[in-house]
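Predicted, not measured: the structure shown is a model, and the values here were computed from it. Order of the sequence lines sets the chain letters (A, B, ...), proteins ahead of strands, with each chain counted from 1.
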Amino acid sequence: MTTLESDDIQHILLTRAPAMTGRYEFLSFKSAAGGRAWLSAIMEKVHSAKAMRESVAQDKRWVTVAFTFNGLRALGVDDASLATFPEEFRQGMVARAEMLGDTGANHPSHWTDKTSSPDLHAIVILFARDAAERDRCVSEHAKLIANCQDVEVLSTLDLEATPPFEYAHDHFGYRDRLSQPAIEGAGDAPTPGSGAPLKAGEFILGYPDENGHITLPQPESLTRNGSFMAYRRMDEHVGRFRDFLREHGKTPEEQELVAAKLMGRWRSGAPLVLAPEKDDPALGADPQRNNDFNYKQQDPQGYAVPLGSHIRRMNPRDTGANMSRRRMIRRGATYGPALPEGAAEDGVERGIAAFVICASLVRQFEFAQNVWANDKNFHELGNERDPIIGNQDGTLEYKIPKRPIRKKITGLPAFTTVRGGAYFFLPGLKALRHLASLS
Amino acid sequence: MKERNSMTTSPEQKDWTKPAALAIPEGGYFKDKVEQGRYGPVFPQTPACYGFSIMAKIKPGTKQNFYAYAQNIEKAVGATPDCLAVLKLHYLRWLLFDIKGDTYFMYQGIFDTDFDKYTEDAVAIFASTGLNTVFENLEGFPVDWKTNAAAFIKFVREHQCPSFLEYGEYPYVSADEIKKALKLKAAFSTALDQMQ
């Protein structure tokens, strides 16, 4: 079995920090020396996965640093090395917008956080145990930036868990973090139904992947134990979502079922395959049971989980081909204030700001966006996209298989809008030192 | 917003009852509506669905490998009828022909999704069904194709010969829809037989 160099891999790849708040800062380097000076200081704060695990009980904050293609160039990585990075990373997320479904209201020209700017060079991710710790770190980082010449903060985003705080969920109320791939050698046993642990090379550069192949742009000192990260900031239109549920369900029970049919799970997390008629919150909360199902035998027609639902698109399980080559690690958090139940839409920005981590953006992240989320004809559906994260312009439909006749919703509204995004390279710890010492 | 219970076709679906022909500009794309895929522009869907026609010169002296390969594919599909299912195919045709003493290979496929979408799955299938035995006999085929989907797709794109005209007697219908219709027909005849 592969031994992972967990003392060199950034913590975000292998662990999940017990954070209730956080902040992303998007940076631009006006000079290579300025960028390297900032990196030299901040890299001391970055936990490896091993260090994170050892001190998680005492620690209150966890820092991650990653760079865009332009950022690597701005730090002084030479052209020969840059040319060995994959095409999609070199182009960046904005250039790939049409293929990713970032058109119309989702188009990068509407993004206000400057992540679409070619001047975006780096992200620093802070996860903090509480708001006080975040405030302390934010002011520390502001001091560092003030001390570094030629480093500019393009934008920032504060993260907040959304109540109730007992479990992770988004602003729509769906329980999150239910289906994560396990990595061979990382030490975590997969929950039942999550599949066998996957080869580390699916997520971390420098290790064999599921085909036995090792991907490693050059030089190795820069790329080994690194990975690629797609950032997605998505507003969730909670008022519109609740209106939709009320429009399509007469009673609270019917409304819950409509919400469940869009996702493929009840908002409690209970999967419709295992709880088709009625919510089962105990099932939703039980990691030994809440991911343990398939589609081919248990729900081939989609009578429980509609063929076009979010979880059936994002992880077709036994109905997808070569699934071991399509998995992704997801990290992130919610931002913005919760919209109280019963309150009217207030127009305040709230949503999910997440990272998809994988060894190949084109094979893993972009495939999921282009085919699973946005192929209108996925599973022969004809005129649908992912009801939660697909590009919806009000002209598409959503079919809910049902006996004797299916229910078809036409003119599905967009419940989310993409508000920012970028491709980052997430270096290992030694690679951060390599970058800081370039000349 | 309207909600209705119905089995009518959506307005976007194209009319399979009307045979249709489509003239395609030189180069294979309609310039004002080129859809971008992960590996570049996607060839348009036509009344004859999606497809490709790949032509390449074979390496001298390898002709017999192609005939041996045909036997392999026949056996593979016989043993595992769904082994090519991921490719969402209607039909495939393989042929060899000579020009001025050189032998050329043509691989023509008609399928229901643009090739770009399932490129990596196709590469995996080609490896598992032994399609490499034929492609590796083509001049210029990337030696690292198994691990380099981008190089594989580049070869396919460079050797793709786009149509300038395509026709469908029952346009835009997918293989799955045809199979569903035939299943339904079979179920109806069984039902009618039962009622005798």
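Counting heavy atoms of neighbouring residues, nucleotides and ligands inside a 6.0 Å radius, atom OH of B:Tyr167 exceeds 12 of them. The environment of B:Glu158 atom CD is dense: over 12 non-hydrogen atoms of other residues, nucleotides or ligands sit within 6.0 angstrom. Remark: A:Trp111 CH2 is packed, more than 12 non-hydrogen atoms of other residues, nucleotides or ligands lying under 6.0 Å away. Summarising the local packing, OH of B:Tyr170 is surrounded by 12 or fewer heavy atoms from other residues, nucleotides or ligands at distances under 6.0 Å. Shown here is B:Lys154, whose NZ atom has no more than 12 heavy atoms of other residues, nucleotides or ligands within 6.0 Å. Atom NZ of B:Lys117 sits in a crowded spot, with more than 12 heavy atoms from other residues, nucleotides or ligands closer than 6.0 Å. Within 6.0 Å of CZ in B:Phe30 there are more than 12 heavy atoms belonging to other residues, nucleotides or ligands. Counted within 6.0 Å of CZ on B:Phe188, heavy atoms from surrounding residues, nucleotides or ligands total 12 or fewer; the atom is thus considered open.
Side chain of B:Arg38 to backbone of A:Met99: no donor-acceptor contact under 3.5 angstrom is found.
Neither the backbone nor the side chain of B:Val123 comes within less than 4.5 Å of any heavy atom of chain A. For A:Glu366, the parts sitting under 4.5 Å from any heavy atom of chain B are the backbone and the side chain alike. There is no contact between A:Arg325 and chain B, counting heavy-atom distances below 4.5 Å. Interface remark: A:Asn370 contributes backbone and side-chain atoms alike to the contact with chain B (heavy atom separation under 4.5 Å). Of the two parts of A:Arg363, the backbone and the side chain both hold a non-hydrogen atom closer than 4.5 Å to a non-hydrogen atom of chain B.
When each of B:Thr113, B:Val86, B:Val42, B:Asp121 is scored by its heavy-atom pairs under 4.5 Å with chain A, the top score falls to B:Asp121. When each of A:Glu87, A:Arg326, A:Glu88, A:Lys399 is checked for heavy-atom pairs under 4.5 Å with chain B, A:Arg326 comes out on top.
Considering CG of A:Asn377 and CD of B:Gln45, their distance stands at 8.0 Å, rounded to 0.5 Å. Between B:Glu120 atom CD and A:Asn322 atom CG the span is 9.0 Å, to the nearest 0.5 Å.
Looking at every heavy atom in both residues, A:Glu98 comes nearest to B:Gln36 through OE2-N, 3.0 Å.
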